[in-house]
2 protein chains.
Amino acid sequence: MPTSTVEDYLKHILLEEERVPGARVATGSLAGALGVTPGTVTTMVKTLSDSGLVDYEAYGGVRLTAAGRQLGLHVLRRHRLMELFLVRTLGMDWSEVHEEAERLEHALSDRLVERIDEMLGRPSVDPHGDPIPSAAGEVAGHELATLAALPVGRRARVARVADQDAAFLRLVERLGLLPGTRVRVVARDAAADTLEVELGRGKSAALGLRAAEKIFVAPG
Amino acid sequence: MPTSTVEDYLKHILLEEERVPGARVATGSLAGALGVTPGTVTTMVKTLSDSGLVDYEAYGGVRLTAAGRQLGLHVLRRHRLMELFLVRTLGMDWSEVHEEAERLEHALSDRLVERIDEMLGRPSVDPHGDPIPSAAGEVAGHELATLAALPVGRRARVARVADQDAAFLRLVERLGLLPGTRVRVVARDAAADTLEVELGRGKSAALGLRAAEKIFVAPG
DNA sequence: ATTCTAATTTCGCCGTGCCAAAAAGCGCAA
DNA sequence: TTGCGCTTTTTGGCACGGCGAAATTAGAAT
């Protein structure tokens, strides 16, 4: 079985590949995401390549093999199921579960994951709206628009908040933009870099476009 | 923060001290319990001694310091709370939760442990009847008699099953000797090394004295 | 007392994962 | 096309946790 370090590498490569589809992942960006030095990543990535988990070319970045992708998806599944479990069953705040799941994702047996999945009713997304890969390693891939790109006047529903930073998540919650919330863009001011959205019951919220780009919405 | 290896050492020293009160723990028995070679234990135990977690004398075994005991109790608390949580909340079998908790005990934050403790109603024992140390590191120490020592005819209640082996636990469950069950010793045959106990509803069970020594009972 | 045995410690070694600093490669701009 | 800057790789070291073999010690037996 892979060490938890290997699991972390695969998970981050997977997330990076998902973020920029089709591209090879640079060792440097992995180093940043994992909080280690570039040299460490180069060494580790070569090890992963020897294990057949990634396809690596010097100076050319890295890409998951089918085997590596499978493993990475399993880690992601454990992580996201655990986040949902912590929120739903233990009543934890969605801003604190990421950290927690970061450790637990390496300590869950398949059997336990299966129980949790069953107990939660085989959910398809975690509390942030991120899709939960199935046990077979399939991800339901939604194509979502960001709130920043929503035309003024259009109604939509918050579907996903793509940032795990606790402070940002607390902000989103305070503004009332939790996944599921129905919104309508009232105004966009490109010069001021702000967006104003109307929520239910006459409430409204303002946020920067940079922030709005991290909030994804679905029609409805 | 201590590594999970350190946590395992402290936990096992604690368990061993509890098993044989007052005695120093031999490096050899630790090696057996931890599944490593004696030489490894000697080295590690010196490290623990340098960290002030144990009191160690060459050829004289080891004993926890106050700091080491505190840490060990926290690990044990996490382990046992998790076992109970897995049984009660996730419906897992009591014979499979030990293994699971063995990994999870190193991945639980204080905050999460507190939630679980609260959700379970601040329980004092785990599914095997083993006491759960409090957050402050206190253990309610029952003095229990073993089933093997119970006089013929005496009634009692199973309070604790002191063996984590899955096969043994399944046997105990099959015999109907789960903690809480009321029993009465019908016969003891020292020559044949067996004990016969009567359960409720006219049922009875036979087991060896060696096994009976691992089952503790309380009056009632 | 001496010898024997079993437990314990010492010693040299390996794999993993990390860092810092030096070297090498890549791409762009002058 | 030559040089410069940035990224990546290489190199050499370190800490941890582990192993096996050999040396040592404690303690029991004769």
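Letters A, B, ... mirror the listed sequences (proteins, then strands); counts begin at 1.
- With DNA chain C read from its 5' end, the first of the two nearest nucleotides for A:Val36 and A:Ala58 is the one closest to A:Val36.
- A close approach under 4.0 Å does not occur between any side-chain nitrogen or oxygen of B:Thr37 and OP1 or OP2 of D:dG20.
- C:dG17 atom P lies 16 Å from atom NE2 of A:His12, rounded to whole Å.
- Nucleotide D:dG5 holds its C1' atom 14 Å from the OH atom of A:Tyr59, rounded to whole Å.
- Classified by interplanar angle (parallel below 30°, tilted 30° to 60°, perpendicular above 60°), the ring pair B:His128/B:Trp94 is parallel.
- If you take OH of A:Tyr56 and P of D:dT8, they are 9 Å apart, rounded to a whole angstrom.
- Among the atoms of the strands shown, base atoms are found under 4.0 Å from some heavy atom of B:Thr40.
- A donor and an acceptor atom, one from each side chain of B:Glu16 and B:His12, are nowhere located under 3.5 Å apart.
- In this entry the distance linking CD of A:Glu7 with P of C:dT16 reads 16 Å, nearest Å.
- If you take NZ of A:Lys46 and C1' of C:dG15, they are 17 Å apart, rounded to a whole angstrom.
- Using a 4.0 Å heavy-atom criterion, one finds that B:Gly39 contacts the bases of the nucleic acid, with or without backbone contacts as well.
- With hydrogens and angles disregarded, a donor-acceptor distance shorter than 3.5 Å links the side chain of A:Arg103 to the backbone of B:Ala107.
- A:Tyr9 has its OH atom 5 Å from the P atom of C:dC18, to the nearest Å.
- One can place CG of B:Leu30 at 15 Å from C1' of C:dT9, the figure rounded to the nearest angstrom.
- When atom types are taken as modelled, the side chain of A:Thr65 and the backbone of A:Gly52 share a donor-acceptor pair closer than 3.5 angstrom.
- No side-chain heavy atom of B:Glu100 sits under 4.5 Å from any side-chain heavy atom of B:Met82.
- In this structure, the nucleotide among C:dC19, C:dT8, D:dG17 sitting nearest to the side chain of B:Met44 is D:dG17.
- In this structure, A:Thr47 does not reach the C:dT16 phosphate: none of its side-chain N or O atoms is under 4.0 Å from OP1 or OP2.
- Contact annotation: A:Thr27 reaches the phosphate of D:dT9 (side-chain N/O to OP1 or OP2, under 4.0 Å).
- As a whole-Å value, the separation of B:Leu34 CG from D:dG18 C1' is 12 Å.
- As judged by a 4.0 angstrom heavy-atom cut-off over every strand, B:Thr5 is placed among residues touching the sugar-phosphate backbone only.
- Across all strands shown, B:Thr3 has heavy atoms under 4.0 Å from sugar-phosphate atoms exclusively, and none from any base.
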